[in-house]
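Before any comments, here is the structure.
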Amino acid sequence: MTSTPSTTSPLSPDRPATEPEPGAVLPRQRPPKDGGREEAFVAHVQKLCADPGARTALRTGLRKNLDSVPRMHRLVAPMLPQDRTPEDVQRAYYAIAAMIAAQPRHSFHHTQASDGAPSGEDTLGETDHTASTHKTPVQGGRTSLGAAFAAGVGNGRDHQMRQASAEARLNLLTRQSLPGLHRHLPAAVAYLRSLDVDIDFAQLLSDLAHWRRHSGRIARRWLQDYYRLRAQADQKNADQHDQEDLADTGTTG
């Protein structure tokens, strides 16, 4: 069994206490360590993606193993934690870099505009939007993939991510082995980003790196976060309907 570094602890029992609003930054899961390695890596990749050539090279890593991504090594290898990083951790870094690069083009619009880089290249079958709604995660903690799925219900351009679909997609991911998670995760992340749901890539990197040894605990956190936030959203909707009913009764009375 491959060992994993202990630079971070992705298994904090802390949970978000507030529900996500459509299009809002998700509630945070745990305080990150200042200068956290995962956060630094995600920020580095996001900056790289302002260059269309680097972004194209990073996208070649989607669903690929480490021996099939020669164009990525120049960009990712310098940011690996150490010279002898376990293979599971290496692959997590490469996979997250590829998923960041495969986001809809508008996710990088603000970076490209500020750097003066071209922004006219197409992505792998992705539809461009007229304005960016991607938000930089706020400081103060992290969010799980389950929280992202909870935020995606009823969100997006067509408001059609149904709760049953979100549950099915999330449950499928939680049942995967590590190779299976690497196969299925890119499509799930791409779907959430197509709905303009923020993904905490730093937390996802940590979860993916530790999946082989701690998949049960990570999957439990994803599901608990999802159902907790959906229950809060349902309660808020019910309270809002009650208030509207009372207002209508007062008007008609």
Subject >> Trace of the side-chain contact (heavy atoms from CB on, under 4.5 Å) decision for Val153 with Arg230 >> reply: CA-CA 8 Å; Val153 173; Arg230 288 311 311 155; 3.8 Å; yes
Subject >> Intermediate values then yes/no, side-chain contact (heavy atoms from CB on, under 4.5 Å), Arg217 and Arg221 >> reply: CA-CA 6 Å; Arg217 295 170 65 187; Arg221 188 184 69 238; over 6 Å; no
**OP:** I would like to know whether Glu39 and Gln203 meet side-chain contact (heavy atoms from CB on, under 4.5 Å); could you show each step before the answer?
**Re:** CA-CA 8 Å; Glu39 287 89 347; Gln203 181 62 44; over 6 Å; no
Subject >> Audit row: Leu80, Val89, side-chain contact (heavy atoms from CB on, under 4.5 Å) steps and yes/no >> reply: CA-CA 9 Å; Leu80 292 178; Val89 179; over 6 Å; no
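To the nearest 0.5 Å, the span separating CZ on Arg220 from OG on Ser144 amounts to 12.5 Å. Atom CD of Glu167 is separated from atom CZ of Arg162 by 13.5 Å, given to the nearest 0.5 angstrom. Atom CZ of Arg91 sits about 9.5 Å away from atom CZ of Arg212, to the nearest 0.5 Å.
Shown here for Ala148 and Leu192, the closest heavy-atom pair between the two residues is O-CD2, 3.9 Å. A pairwise comparison of heavy atoms in Ala188 and Phe149 identifies CB-CZ, 4.1 Å as the closest pair. Summarising the geometry of Arg193 relative to Val197, their closest heavy-atom pair is NH1-O, 3.0 Å, with the distance given to 0.1 Å. The two residues Gly146 and Asp225 have their closest heavy-atom pair at C-CB, 4.4 Å. For the pair Ala98 and Gly61, the tightest heavy-atom approach, listed with the atom from each and the gap, is CB-C, 3.7 Å. Looking at every heavy atom in both residues, Leu62 comes nearest to Pro186 through CD2-CB, 3.9 Å.
Sequence neighbours left out, the pairs with a member in residues 40-70 that pass ring-ring contact (aromatic ring centres under 6.0 Å, His included) are Phe41-Tyr93. For residues 174-188, there are no side-chain hydrogen bond (donor to acceptor under 3.5 Å, both in side chains) pairs, not counting sequence neighbours.
Between Phe201 and Val189 the shortest side-chain heavy-atom distance falls below 4.5 Å. Here the side chains of Val45 and Ile96 are not in contact, with every heavy-atom distance at 4.5 Å or above. In this structure the side chain of Leu223 reaches within 4.5 angstrom of the side chain of Asn171, judged on heavy atoms. Looking at Asp200 and Leu204, their side chains never come closer than 4.5 Å, going by heavy atoms from C-beta outward.
The backbone N or O of Ile100 sits less than 3.5 Å from a side-chain atom of Gln103, completing a donor-acceptor pair. Checking side-chain atoms of His210 against main-chain N and O of Ser206 turns up a donor-acceptor pair under 3.5 Å. With hydrogens and angles disregarded, a donor-acceptor distance shorter than 3.5 Å links the side chain of Thr60 to the backbone of Ala57. Side chain of Arg55 to backbone of Ala101: a donor-acceptor contact under 3.5 angstrom is found.
Residues Asp207 and Trp222 bring a donor and an acceptor atom of their side chains to less than 3.5 Å of each other.
By the criterion of side-chain heavy atoms lying less than 4.5 angstrom apart, applied directly or through intervening Ile, Leu, Val, Met, Phe, Trp or Tyr residues, Leu172 is not grouped with Trp211; the two fall into different hydrophobic clusters.
Evaluation of the side-chain contact (heavy atoms from CB on, under 4.5 Å) rule for Ala92 yields Leu205, Leu208, Ala209 as partners, not counting sequence neighbours. The side-chain hydrogen bond (donor to acceptor under 3.5 Å, both in side chains) search around Asn65 returns Ser68, not counting sequence neighbours.
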Pairs under 3.5 angstrom only: tabulate donor-acceptor contacts from the side chains of residues 71-79 to other protein residues two or more places apart or in another chain.
residue	atom	partner	partner atom	Å
His73	ND1	Tyr94	OH	2.7

